[in-house]
Structure formats: structure tokens, C-alpha cells
Amino acid sequence: MSNAVTTRNSLVPTTLSEAMQFSDVLSKSIMVPREYQGKPANVLVAVQWGMELGLAPMQALQNIAVINGKPSIYGDALLAMVRADHRCRGVKEYLDGETAVCLITRSHNAGEVEEIERKFSVDDAKRAGLWGKQGPWKQYPQRMLQMRARSLAIRDGFPDVIKGLISVEEAQDMPAPMKPVQPQPAPSGPTIAERAMAAIEPPQEAVEATPEPVEGFALRIPGKPTQSFTVQMDFADAYNDLLLKVRRARSLPEAERRTKMKALEEANAGTFAMLDEDLAKELHDKRLQYNAGLGAEEKEASND
């Protein structure tokens with residue numbers, strides 16, 4: 001990247017070739033958010049979005065997230081972008097009883113000064129089905145009210161600065177869009193979802209064999225061919241998909257689903273040892289979380 005420039009202490013690529021190389025390097029680092037690890041194309045898109053918004057590459061990776069297939073930006077970064085704009089004359093946020101208020105003052109070319117005030121109350125959150133919702137709304141309700149009022153004020157007052165983006169906090173509360181069912185060409189091999197369903201169904205014949213050596217990150221499915229991934233995050237995505245398929249297999253008793261998930265983890269113990277410690281722990285904790293949920297369902301069914 002010989003032509004890359006340094007702006008405000010941040011290395012910025014100046015050509016597409018440099019950007020692709022830059023993104024590839026960043027995608028291999030564990031210091032970028034997990035959703036960008038091993039995905040240089042996603043890194044490239046996020047960096048490009050950041051450049052259009054005035055964010056340096058690392059700022060973009062830390063503050064831009066894809067929620068339900070659409071890019072969004074964290075509320076604190078939205079506020080920073082507005083405050084940095086020369087037309088912003090001030091931002092005031094406060095809580096008026098059970099109502100969060102955000103007041104932004106903006107100047108226009110003709111010398112006019114406009115005040116944009118937006119509110120979001122507990123009643124608004126209740127009507128939207130957000131109040132008491134598991135997650136941030138239950139843990140930090142006042143903060144979430146503040147973020148909603150801020151997002152509304154910024155979207156109405158500075159749409160030219162945020163270029164159509166919404167806050168991550170708001171995007172996370174929106175339901176995922178329904179995807180239209182379209183005919184797909186026959187794949188050349190089994191998809192991850194097909195392999196996941198195969199893991200749920202018992203094999204036709206019980207075959208015990210020594211696991212064959214596989215290069216990269218091997219995903220071993222009891223009684224099924226071993227899959228290999230060159231990037232650990234691809235392995236993690238496929239493994240998570242299998243866990244979720246087993247967790248949702250309501251045709252199987254809860255105890256059998258727990259047994260299958262444990263067997264899957266034991267079969268991949270060797271690959272777990274190759275993963276980053278935090279990632280391996282996250283996959284293990286996910287199985288325990290599903291186990292706890294199945295245990296609760298089993299107990300509830302027995303009480304009925």
C-alpha cells in the first residue's frame with residue numbers, strides 16, 4: 001500500500017487495490033469486531049461507508065454494524081458526527097420525568113437557526129412493545145429512551161450528515177424483514193443448513209472410525225463426513241448453525257437434544273483447542289445456554 005495516506009493519525013487507502021489489501025489485513029486481526037473477522041469484503045464495505053460519513057477506517061469498523069441486513073451506526077457515533085458538523089449549534093439531552101428529550105440547534109445558509117426537539121417516553125416504549133423487553137431495555141431503560149429521542153432528532157435535523165443511516169439501538173428493535181421465497185439452483189454440494197439437518201437425523205448405519213486428518217478447522221459431525229474451514233469464524237458460524245438446528249428440533253425429546261449437542265462439542269474438541277480462547281468459550285457457553293433452555297422446557301412440560 002505504497003500510496004496510502006495518513007489522515008488524523010489514521011492510515012487510509014487511496015486506491016481500490018490498496019483498500020482490498022487493507023481490508024484483507026484487518027479481517028485477519030482479532031482486534032476488529034467479530035463480525036468483521038475473516039470477512040474482508042465486509043471490512044471493505046464498512047470502510048467505504050465510513051469514508052462517506054467522515055469516519056476513519058478503524059472508527060468505521062468499531063461503530064458501523066449490520067442489523068437485519070442493513071448498515072447502522074451506534075448512537076454515540078451519530079452524536080459525534082452531528083457535533084462535528086459546523087452547522088450544529090448545540091445538542092441538549094435530558095430526562096423530563098418519564099420522557100427523554102433531545103434538542104438540537106442547527107444553523108442554515110440564510111442565517112436562520114432551527115431548533116429540532118424530539119421526545120421518546122415510557123408510554124411510547126410500551127406502545128412499541130419495548131418497555132421491559134429482555135436486553136438493554138430491561139437493563140438500561142433510561143439510556144434506551146435517551147437513544148431513541150437522540151435518533152429521532154438527528155434523523156430529522158441532520159439527514160444530510162448521517163446519509164440515511166439509523167442508530168444500532170433502533171435497528172436492533174426492528175423485526176427482521178421476511179425474505180421472499182425464490183427458487184434456487186441446485187447446489188453443487190450440501191449446504192450448511194442441509195448438513196445441520198443431517199446432524200439431527202440418526203445415521204442409517206452406526207459407523208465408528210478414527211477421525212480422518214483434516215487441514216484447517218475441522219467440523220466433525222458424528223456419523224457424517226467431516227467438513228473443513230480455512231477461517232475459524234466460518235467454522236464458528238457453521239457450528240452455531242448446527243447447535244441451533246438441534247436446539248429447535250422439537251420432534252426430539254429435550255434430553256436427546258442436549259445429548260446430541262454435547263456429542264457435537266466432544267467430537268470437535270480438537271478443533272476447539274485450535275480456536276481463540278474467547279471464541280471457544282463463547283461456543284461452549286452457547287451450548288450451555290441452550291441446555292438450560294431445554295431443561296426449563298422439559299420441567300415446564302412435566303408440570304403440565
Side-chain angles (χ1 to χ4, degrees), residues 7-10 32-36 46-176:
T7 304
R8 296 183 181 178
N9 300 321
S10 178
V32 299
R34 271 199 56 203
E35 57 264 33
Y36 293 116
V47 169
Q48 178 61 34
W49 261 107
M51 292 178 65
E52 294 183 13
L53 296 169
L55 298 176
M58 295 309 297
Q59 288 178 307
L61 293 179
Q62 293 297 327
N63 290 292
I64 295 177
V66 177
I67 308 295
N68 293 332
K70 296 184 66 176
S72 54
I73 189 165
Y74 283 95
D76 290 337
L78 280 179
L79 182 60
M81 290 163 55
V82 168
R83 288 187 180 276
D85 191 277
H86 69 280
R87 295 164 297 184
C88 178
R89 291 290 180 261
V91 179
K92 184 178 181 181
E93 296 179 308
Y94 60 94
L95 194 64
D96 182 9
E98 293 187 333
T99 301
V101 181
C102 180
L103 175 64
I104 300 179
T105 305
R106 169 181 176 153
S107 64
H108 294 277
N109 294 335
E112 175 191 356
V113 176
E114 178 186 8
E115 288 188 345
I116 303 97
E117 181 183 76
R118 297 295 180 266
K119 302 178 180 180
F120 201 82
S121 66
V122 172
D123 287 341
D124 292 329
K126 289 179 178 178
R127 281 193 294 270
L130 302 173
W131 194 251
K133 179 182 177 181
Q134 288 296 327
W137 275 103
K138 192 174 185 64
Q139 297 169 324
Y140 318 106
Q142 292 184 345
R143 178 67 170 170
M144 295 305 291
L145 290 174
Q146 176 190 8
M147 286 296 173
R148 275 306 185 94
R150 175 187 296 177
S151 177
L152 292 173
I154 290 177
R155 285 169 60 186
D156 291 345
F158 283 86
D160 48 345
V161 171
I162 65 175
K163 302 186 186 303
L165 290 182
I166 64 173
S167 69
V168 168
E169 293 81 6
E170 185 175 359
Q172 288 173 336
D173 292 330
M174 293 181 176

What I want to find out is whether Asp173 reaches Arg148 closely enough, with some N-O distance under 4.0 Å, to be called a salt bridge. yes
Can you tell me which residue pairs pass the salt bridge (charged side-chain N to carboxylate O under 4.0 Å, His left out) test with a partner in residues 111-123, sequence neighbours excluded? Arg118-Asp156
Say whether, by atom type as modelled, one donor and one acceptor occur between the side chain of Arg155 and the main chain of Ile166 under 3.5 angstrom. no
Run the salt-bridge test on Arg143 and Asp76 with the 4.0 Å N-O cut-off and return the result as yes or no. yes
Taking the side chain as everything from C-beta on, heavy atoms only, tell me whether Val82 gets closer than 4.5 Å to Cys88. yes
Shortest non-hydrogen contact from Ala125 to Trp137? CB-CZ3, 3.9 Å
Of the non-hydrogen atoms in Ala46 and Tyr36, which two are nearest, and what is the gap between them? CB-OH, 3.5 Å
Show which side-chain atoms of residues 50-64 pair as donor or acceptor with protein atoms under 3.5 Å away, not counting sequence neighbours.
from: Glu52; atom 1: OE2; to: Gln48; atom 2: NE2; distance (Å): 3.3
from: Gln59; atom 1: OE1; to: Ala56; atom 2: N; distance (Å): 2.9
from: Asn63; atom 1: ND2; to: Gln59; atom 2: O; distance (Å): 2.9

Report the distance from atom CG of Asp124 to atom OG1 of Thr99, rounding to the nearest 0.5 Å. 7.5 Å
Mind checking the CD1-CZ spacing from Ile154 to Arg106? Nearest 0.5 Å is all I need. 12.0 Å
Nearest heavy-atom pair of Ala153 and Ile116: which atoms, and what distance? O-CG2, 3.8 Å
So do Thr105 and Val113 actually touch side chain to side chain, heavy atoms under 4.5 Å? yes
Heavy-atom pair of closest approach, residues Pro141 and Trp131: CB-CH2, 3.6 Å
Show the nearest heavy-atom pair for residues Ala149 and Phe120, with the distance to one decimal. N-CB, 3.9 Å
I need the His108 NE2 to Arg87 CZ distance, nearest 0.5 Å. 8.5 Å
Identify, with sequence neighbours excluded, every residue that meets side-chain contact (heavy atoms from CB on, under 4.5 Å) alongside Ser167. Leu78, Ser151, Glu169, Glu170
Compare every heavy atom of Glu93 with every heavy atom of Arg150, then report the nearest pair and how far apart it is. NE-OE2, 2.7 Å
Quick one: pull up CG in Asp85 and CD1 in Ile104 and give me the separation to the nearest 0.5 Å. 11.0 Å
Looking at side-chain heavy atoms only, is the closest gap between Leu145 and Tyr140 below 4.5 Å? no
If you round to the nearest 0.5 Å, how far is CZ of Arg89 from OG of Ser107? 3.5 Å
Nearest 0.5 Å please: distance from the CE atom of Met144 over to the NZ atom of Lys138. 14.0 Å
